[in-house]
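Keep in mind that what you see is a predicted model, and the values were worked out from it rather than measured. All heavy atoms count here, side chains included; hydrogens, waters and symmetry mates do not.
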Amino acid sequence: MQAKKETATIRGDVVPFQTKMAQAAQMLIAIAEHFSTAPILTVTDSWFGNNGLWKPVYKAIGSRFNILSRLRCNNVLYDRPEKRKPKQRGRNKKYGQRLGSATDMAKTVQQKARSYTVNLYGKQREVRAYSRVVMLKTLKRPVQVVWVFRRTQ
């Protein structure tokens, strides 16, 4: 017996199966078409913070699309590639030196973090934060990573 390939019907029409990533991309592209000049900032959890969502939406929308996503703690971060020397042979490097995982980097940048007062859960709280532009192989592009540390009393 052959299994049915449909997963649902809406008003008698068969709705083809789509992954969460494909559904999210399709919805974001439809929203962006409606707001044709506005920048689109998508806030996602770490599950969507990879090239599976970025690539199709960025291809359809262009540079007005951005993602704000929680970074997985085991994502490996790389420095930006060094500038080419004059008459250097070979192709350009895509990634710089390996910096380690996001957790490893958090340990090294914690001393560089600055203090900020933010309104969090209805109270003024002090946090420490540090940001840096790094390369992610999951997105194949530079991204700004922000580490936020709780203020120790």
Asker: Do you know the tightest heavy-atom contact between Tyr130 and Ala113?
Answerer: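 In this case the closest contact between Tyr130 and Ala113 is CB-CA, 3.9 Å.
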Asker: Look up atom CG in Asn75 and atom CG in Leu139, then write down how far apart they are to the nearest 0.5 Å.
Answerer: 8.5 Å
Asker: Determine the minimum heavy-atom distance between Phe48 and Ile67, stating which atoms define it.
Answerer: O-CD1, 4.4 Å
Asker: In terms of hydrophobic clustering (I, L, V, M, F, W, Y; side-chain heavy atoms under 4.5 Å; direct or indirect links), are Met21 and Leu28 co-clustered?
Answerer: yes
Asker: Between Arg70 and Asp45, is a side chain to side chain contact (heavy atoms under 4.5 Å, CB included) present by the stated rule, with each step listed?
Answerer: CA-CA 5 Å; Arg70 186 169 181 150; Asp45 64 4; 5.7 Å; no
Asker: Quick one: does any side-chain atom of Arg64 pair with a main-chain N or O of Ala38 as donor and acceptor, under 3.5 Å?
Answerer: yes
Asker: Could you tell me whether the side chain of Ser46 and the main chain of Arg72 form a donor-acceptor pair under 3.5 Å?
Answerer: no
Asker: Checking Trp147 side chain against Ala102 main chain: does a donor-acceptor pair fall under 3.5 Å?
Answerer: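 Indeed, once roles are kept as given, a pair shorter than 3.5 Å links the two residues.
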Asker: Which atom pair, heavy atoms only, marks the closest approach of Ser101 to Cys73?
Answerer: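 Looks like CB-O, 3.6 Å.
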Asker: Hydrophobic cluster membership, with links at side-chain heavy-atom distances under 4.5 Å among I/L/V/M/F/W/Y: are Phe35 and Phe65 in one?
Answerer: no
Asker: Would Leu71 end up clustered with Trp47 when hydrophobic side chains under 4.5 Å apart are linked, directly or stepwise?
Answerer: yes
Asker: Kindly work out whether a path of hydrophobic side-chain contacts (I/L/V/M/F/W/Y, heavy atoms less than 4.5 Å apart) joins Trp54 to Tyr78.
Answerer: no
Asker: Enter the distance from Asn66:CG to Tyr58:OH here, rounded to the nearest 0.5 Å.
Answerer: 8.5 Å
Asker: How about Glu82: does its CD atom have over 12 heavy atoms from other parts shown lying under 6.0 Å from it?
Answerer: no
Asker: What about Val145 and Val109, same hydrophobic cluster or not, with Ile/Leu/Val/Met/Phe/Trp/Tyr joined at side-chain heavy-atom distances under 4.5 Å?
Answerer: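 Yes; Val109 is reachable from Val145 via cluster members.
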Asker: Could you grab the distance from atom NZ of Lys94 to atom NZ of Lys140, nearest 0.5 Å is fine?
Answerer: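 Going from the NZ atom of Lys94 to the NZ atom of Lys140 covers 8.0 Å.
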Asker: Distance from Leu77 atom CG to Leu136 atom CG, nearest 0.5 Å?
Answerer: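 One finds 6.0 Å between CG of Leu77 and CG of Leu136.
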Asker: To the nearest 0.5 angstrom, please state how far the CE atom of Met135 sits from the CG atom of Leu99.
Answerer: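 Output value for this atom pair is 11.0 Å.
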Asker: To the nearest 0.5 Å, tell me how far Leu68 CG sits from Thr44 OG1.
Answerer: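 So the CG of Leu68 and the OG1 of Thr44 are separated by 7.5 Å.
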Asker: Looking at every non-hydrogen atom in both residues, tell me the closest pair between Ile29 and Ile61 and how far apart they are.
Answerer: CA-CD1, 4.4 Å
Asker: Can you see whether Gln124 engages Thr117 through a side-chain donor-acceptor pair at a distance of less than 3.5 angstrom?
Answerer: no
Asker: To check you understand the geometry: which heavy-atom pair defines the closest contact between Pro142 and Arg80, and what is its length?
Answerer: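 Scanning both residues, the minimum pair turns out to be CG-NH2, 3.7 Å.
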Asker: Using side chain to side chain donor-acceptor pair (under 3.5 Å) as the criterion, point out the one residue from Arg132, Gln97, Arg98 that pairs with Asp79.
Answerer: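 Single pass found, and it is Arg132.
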Asker: Which atoms form the tightest heavy-atom contact between Thr108 and Gln111, and what is the distance?
Answerer: O-OE1, 3.6 Å
